[in-house]
Amino acid sequence: RRVARRARGPRARADAAAAGARRGGVRPGVTAMHVLVTGAAGFLGSHLCDRLLADGHRVTGVDNFLTGSPRNLAHLAAEPRFALAELDASAPGAPACLTRLGTPDAVLHFASPASPVDYHAHPIATLDVGSLATRHLLELCAATGARFLLASTSEVYGDPLVHPQPEGYWGHVNSVGPRSCYDEAKRFAEALTMAYHRARGVDTRIVRIFNTYGPRMRPDDGRVVSNFCVQALRGAPLTVYGEGRQTRSFTYVDDLVDGIVRLLHRPPNGERPTAESAMPTNIGSDQECTVAELAALVLELTGSASPVERRSLPGDDPRQRRPDLARARATLGWSPTTPLRAGLGPTIAYFRERLAEDAGAGARTLDAASAAV
Ligand code: UDP
């Protein structure tokens, strides 16, 4: 039933969020909060906003639209408990602007280019949002008493020498390599978060997010799931980098959001946070698969006859990745529940719809252009 509910896709979830808003109710055991979400127009941020609204909270989204898109939030345009501010949280003027958005009870920092293609295109903005924006938001939390949740990443483990990766593993990261702008930005953001927790008493938590996929990914974000789905649907070759033997553990977005919300509310309302609740928690799937296996699965599920084409492996591409989930299971009672095959269904349906929409828009533009000639 759970998967069937998910298979209705983002539009149905948006309706559910709107229905939650109309009810004005809050999930039992949860106090309604004002939550500030940076990166709200991104893939993860927009799903997070939907879930928080469905839970009865008030949400202020912040985004500079560098890699996010207003279309991800278009369904919330008439939602009275949602506001969106176009703002670069890294900019010198950001602290004053953030203060004007109203006092938050919690700040969820999800702003950052996050796919390798995006952070290669925007390396300095990536370092800025991990450092300057994180600092601005932590200062806001220190001043208001708001809880802070940092979206960190499995990239802090680099090309890991320990497998699977527990939170206690310190990682194997190249500080000057092609991924360093993202990896080190997130490592710095984690260090800054712990410093504000220890030195300023801010109530903080850190989620280390593993590869996540689902509706609202950008077709051109360059990630392997989006590339393969789009290529298969277009009948183009699936671009497998290297031998395709490198592994990832792909997490369906609803599972991820559920883990994050549990982390946000732990410990339950009214209890004091502990030193342990500030430590990072891995959230991700532990169903590991090779890139070649993913290509085969996408071809099967789309029914595509696309060939597979080998490309060179990018520098510092991690060879393996799978979270050790012992902490998430023990402290949050959370486990991933969506098998890759089940999650790819609604994801492929979304890309199919998106490509059709984009093709329609392209055709309309061509019509308009030829009418103007
Ligand atoms: N990859 C691939 N073909 C693509 C895009 C990515 O083979 O078209 C590989 C990439 O080299 C990496 C894995 O798929 O080993 C996951 O890449 P992605 O960019 O999705 O995320 P990463 O985990 O590397 O940040």
Side-chain angles (χ1 to χ4, degrees), residues 112-120 123 126-127 130-131 134 150-195 205-213 222-225 227 239-251 255-256 259-260 263 275-276 278-295 310-332 334-336 340:
S112 179
S115 77
V117 163
D118 283 346
Y119 57 72
H120 289 156
T126 302
L127 281 154
S131 53
T134 305
L150 174 71
S152 185
T153 168
S154 54
E155 283 286 332
V156 300
Y157 302 122
D159 186 9
L161 304 178
V162 170
H163 193 71
Q165 295 81 56
E167 291 87 348
Y169 175 50
W170 292 354
H172 178 228
V173 176
N174 178 357
S175 64
V176 292
R179 290 179 175 248
S180 61
C181 60
Y182 186 62
D183 299 10
E184 298 294 8
K186 290 293 189 182
R187 288 169 69 95
F188 178 85
E190 285 197 3
L192 195 62
T193 301
M194 292 308 294
R205 7 340 308 249
I206 298 172
V207 57
R208 289 189 179 150
I209 297 171
F210 284 65
N211 295 66
T212 303
Y213 69 97
R223 288 183 166 118
V224 69
V225 173
N227 274 7
T239 50
V240 169
Y241 300 163
E243 299 290 312
R245 283 202 291 262
Q246 67 274 37
T247 69
R248 295 294 186 272
S249 306
F250 297 101
T251 316
D255 282 350
L256 181 92
I260 290 168
L263 183 63
E276 198 223 314
M279 296 307 283
T281 303
N282 289 337
I283 297 285
S285 165
D286 53 2
Q287 185 192 349
E288 187 176 359
C289 92
T290 67
V291 164
E293 286 165 349
L294 176 71
R310 291 275 154 79
R311 297 273 175 88
S312 55
L313 191 66
D316 290 352
D317 199 285
R319 278 160 294 181
Q320 53 183 359
R321 183 179 291 160
R322 169 157 60 96
D324 180 323
L325 295 177
R327 181 174 291 170
R329 288 199 167 98
T331 61
L332 307 178
W334 177 89
S335 286
L340 182 55

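All of these numbers come straight from a predicted model, not from anything done at the bench. Note that these values count all heavy atoms, side chains included, but never hydrogens, waters or copies made by symmetry.
- Each of Glu167, Arg327, Glu155 was compared with Arg208 under the side chain to side chain contact (heavy atoms under 4.5 Å, CB included) criterion, and only Glu167 meets it.
- Evaluation of the side-chain hydrogen bond (donor to acceptor under 3.5 Å, both in side chains) rule for Asn282 yields Tyr157 as partners, not counting sequence neighbours.
- Applying the side-chain hydrogen bond (donor to acceptor under 3.5 Å, both in side chains) criterion to His163, with sequence neighbours excluded, gives Gln165, Glu288.
- By the salt bridge (charged side-chain N to carboxylate O under 4.0 Å, His left out) test, Arg329 pairs with Asp286, sequence neighbours left out.
- When each of Val156, Asp159, Asp183 is paired with Val173, the side chain to side chain contact (heavy atoms under 4.5 Å, CB included) condition holds for Asp183 and for no other.
- Contact check on Glu243 versus Arg319 returns no salt bridge, with no Lys/Arg side-chain nitrogen under 4.0 Å from an Asp/Glu carboxylate oxygen.
- In terms of modelled atom types and a separation under 3.5 Å, the side chain of Thr251 and the main chain of Asn211 share a donor-acceptor contact.
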Quick one, Ile206 with Met194, criterion side chain to side chain contact (heavy atoms under 4.5 Å, CB included). Give me CA distance, side-chain angles, the key distance, then yes/no. CA-CA 9 Å; Ile206 298 172; Met194 292 308 294; 4.0 Å; yes
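- Under the rule for a salt bridge (charged side-chain N to carboxylate O under 4.0 Å, His left out), the partners of Asp317 that lie at least two apart in sequence or sit in another chain are Arg179, Arg248.
- Judged purely by atom type and a 3.5 angstrom limit, Glu190 has no side-chain atom pairing as donor or acceptor with the backbone of Met279.
- Under the rule for a side-chain hydrogen bond (donor to acceptor under 3.5 Å, both in side chains), Arg187 has no partner lying at least two apart in sequence or in another chain.
- With sequence neighbours excluded, no residue forms a side-chain hydrogen bond (donor to acceptor under 3.5 Å, both in side chains) with Gln320.
- Side-chain atoms of Ser285 and Phe210, non-hydrogen and from C-beta on, never get closer than 4.5 Å to each other.
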